[in-house]
Amino acid sequence: MKYPNYSDALIEKRYADAREIYDDFGINTDTVLRKLDKIRISMHCWQGDDARGFECGESKPPTGGIPAAGSKPGRARNADELRQDAEKAFSLIPGKHRFNLHAVYLETGGKSVDRDEIEPEHFARWADWAKSLRIQLDFNPTFFSHPKSASGFTLSSPDKAVRKFWIEHAKRCRFVAEYFSKELNSVVICNTWIPDGVRDFPADRWNPREILIDSLDEIFRKKYGSKVKDSVEGKLFGSGEYVVGSNDFCLSYALTRKKLLCMDMGHCHPAEAVHDKLSTVLAFMPEVLLHISRQIRRDSGHVVILNDDLENLAREIVRGRAIGEVYLATDFLDTSVNRIGAWVIGMRSTQKALLNALLEPAAVYRSLERDGRKAEMLALMEEMKSLPAGAVWDYFCLKHNVPVSVAWLNDLRAYEQSVLSKRN
């Protein structure tokens, strides 16, 4: 099947009609699209190679609470292939965005370089690539898939030698982040997530968290400029019943140490949601990093789609006028589907959610709620759901010269046949 590719004239006509409809509700769609165009989303590298990385020139399956279920052919086997795949994904996503790297994506020329030995030179080709695409980079220490993480503890390990190794790794990652910030003249977020925890009830919940505080304080002792933003990411579950770096722990640490808090949509209790917490967190700190993921029960690795959770988060960002206070990054891992397709679906879904939120008359909602006219507010909210947001989205894609509607699937299929199918 060849997916339809609509003519420019049809897309522009549908947009003109939609613009007129939205204008009746006091919404200028041209202004909305200018706002959407300024939002940069950081696309995660690990979807492209199943979170294996390229240490010593060889990829290996991830361990340490990183699920990678599936074996779809065509995964990237080296950094050049990953960059090629990421470029293809970016060509199908409207706008300019960012790319989010983990430390295991270093390039050493085949030499063995352990994680406490990484240097900016091991990421120089990534910086050059980002310059060539005119995009920006973010960075993450990698605390999983290593012999020194096999015990289930890294920065909170009772073993001083293990702890020292991981502290040094994190310090060097911050140094790499500074290198990126200088090379690309941009803000770089260096996000710290650790898998530390146990499957069953621990005898001591206190000591590992006290150790973790000391480890993080040591990592962040050196001060960098304002373009390196350190964040800490918590989790409700992971390796089991007890997670050292829980959401409460990371929230408390970020507040007291003036760090960025990373809130992952899939790292909450199933009865909770990040969109409900956002207004609380931003009442006490100036910025937040949001990881866009999709949770099904206790697994958060599913490809992001335009579901209620994502729509609700986008609405909170827009209604709270927090666009300038949040950093957005995708974070999911599905190895059972075409990996470029997973990237594009997740990124475009996130943009669509933001567009839908920007196309709402949020100020009118607030006014009706203040006046106690809740029925009118609810009716208006429901009516907005049937307005032609899709026509506005298609026009946005057209203006960025990327395939409109499902036409990008033709490009995806051609790439799979010409490139991915030839990989072992």
Side-chain angles (χ1 to χ4, degrees), residues 46 51 61-69 102-104 115-116 140-171 173 191-221 230-257 259-274 276-277 280-281 289 291 293 295-301 331 333:
W46 46 96
T63 63
I66 308 297
H102 249 281
V104 289
R115 294 187 199 175
D116 63 341
N140 308 260
T142 307
F143 293 97
F144 52 86
S145 300
H146 192 278
K148 284 187 169 62
S149 65
S151 69
F153 291 88
T154 59
L155 293 179
S156 65
S157 172
D159 186 325
K160 290 184 178 180
V162 169
R163 213 159 59 237
K164 180 180 178 182
F165 174 87
W166 289 114
I167 289 172
E168 181 63 23
H169 171 63
K171 286 181 176 180
C173 286
N191 182 51
T192 298
W193 173 81
I194 61 172
D196 298 29
V198 295
R199 291 182 59 82
D200 211 334
F201 294 101
D204 181 9
R205 297 174 183 268
W206 298 74
N207 195 53
R209 285 175 173 149
E210 291 171 353
I211 292 174
L212 179 55
I213 291 171
D214 291 340
S215 294
L216 291 173
D217 285 348
E218 175 61 26
I219 290 166
F220 298 134
R221 193 175 306 280
D230 298 300
S231 67
V232 288
E233 178 182 358
K235 199 168 186 178
L236 177 70
F237 54 92
S239 56
E241 198 279 333
Y242 170 67
V243 178
V244 183
S246 65
N247 286 321
D248 290 342
F249 176 94
C250 289
L251 172 60
S252 302
Y253 189 88
L255 275 172
T256 56
R257 292 342 190 243
K259 301 300 177 187
L260 207 60
L261 176 69
C262 175
M263 303 170 71
D264 190 301
M265 294 175 67
H267 290 187
C268 297
H269 188 281
E272 297 180 316
V274 166
D276 189 44
K277 301 173 182 292
T280 298
V281 171
L289 169 62
H291 272 190
S293 61
Q295 180 177 345
I296 297 181
R297 295 184 174 87
R298 296 176 75 84
D299 180 5
S300 62
D331 185 0
L333 181 61

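Sequence positions, counted from 1, serve as the residue numbers for this chain.
Exactly one of V244, V162, I194 qualifies for a side-chain contact (heavy atoms from CB on, under 4.5 Å) with L155. That residue is I194. Looking at L216, I219, D116, T154 one by one, the single match for side-chain contact (heavy atoms from CB on, under 4.5 Å) with I167 turns out to be I219.
Classified by interplanar angle (parallel below 30°, tilted 30° to 60°, perpendicular above 60°), the ring pair F220/Y253 is tilted.
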inquiry  = K171 vs E218, test: side-chain contact (heavy atoms from CB on, under 4.5 Å). Steps then yes/no.
reply    = CA-CA 9 Å; K171 286 181 176 180; E218 175 61 26; 2.6 Å; yes
ask   = Stepwise, does the side-chain contact (heavy atoms from CB on, under 4.5 Å) test hold for K235 with D264?
value = CA-CA 8 Å; K235 199 168 186 178; D264 190 301; over 6 Å; no
query = Run the side-chain contact (heavy atoms from CB on, under 4.5 Å) check on F143 and R115 step by step: do they pass?
reply = CA-CA 9 Å; F143 293 97; R115 294 187 199 175; 5.9 Å; no
message = One pair to check against side-chain contact (heavy atoms from CB on, under 4.5 Å): W193 and D331. What are the steps and the verdict?
response = CA-CA 12 Å; W193 173 81; D331 185 0; over 6 Å; no
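Remark: L251 CG to T280 OG1 distance equals 9.5 Å, nearest 0.5 Å. The SG atom of C262 lies 4.0 Å from the CG atom of L289; values are rounded to the nearest 0.5 Å. Here K277 contributes atom NZ and M265 contributes atom CE; the two are 13.0 Å apart, rounded to the nearest 0.5 Å.
Applying the side-chain contact (heavy atoms from CB on, under 4.5 Å) criterion to P202, with sequence neighbours excluded, gives V198, R205, E241, Y242. Under the salt bridge (charged side-chain N to carboxylate O under 4.0 Å, His left out) criterion, K164 pairs with no residue, sequence neighbours left out. Residues meeting the side-chain contact (heavy atoms from CB on, under 4.5 Å) test with A273, sequence neighbours left out: H275. Listed by chain and residue number, R257 satisfy the salt bridge (charged side-chain N to carboxylate O under 4.0 Å, His left out) test with D217 (two or more places apart in sequence, or in another chain). Residues forming a side-chain hydrogen bond (donor to acceptor under 3.5 Å, both in side chains) with E210 (at least two apart in sequence, or on another chain): none. The side-chain contact (heavy atoms from CB on, under 4.5 Å) search around C250 returns V232, L261, not counting sequence neighbours.
Residues H267 and N247 share a closest heavy-atom pair of O-ND2, 2.7 Å. Pairing each heavy atom of D204 with each of P208, the nearest pair is O-CD, 3.6 Å. What you find for A51 and F144 is that their closest heavy atoms are O-CE1, 4.2 Å. Across V274 and C268, no two heavy atoms sit closer than the pair CG2-SG, 3.7 Å. In terms of heavy atoms, P141 sits closest to T192 at CG-OG1, 4.1 Å.
Side chain of S156 to backbone of F153: no donor-acceptor contact under 3.5 angstrom is found. Of the possible polar contacts, one joining the W166 side chain to the K148 backbone as a donor-acceptor pair under 3.5 Å is found.
Judged purely by distance below 3.5 Å, without hydrogens or angles, the side chains of S231 and N191 pair a donor atom with an acceptor atom.
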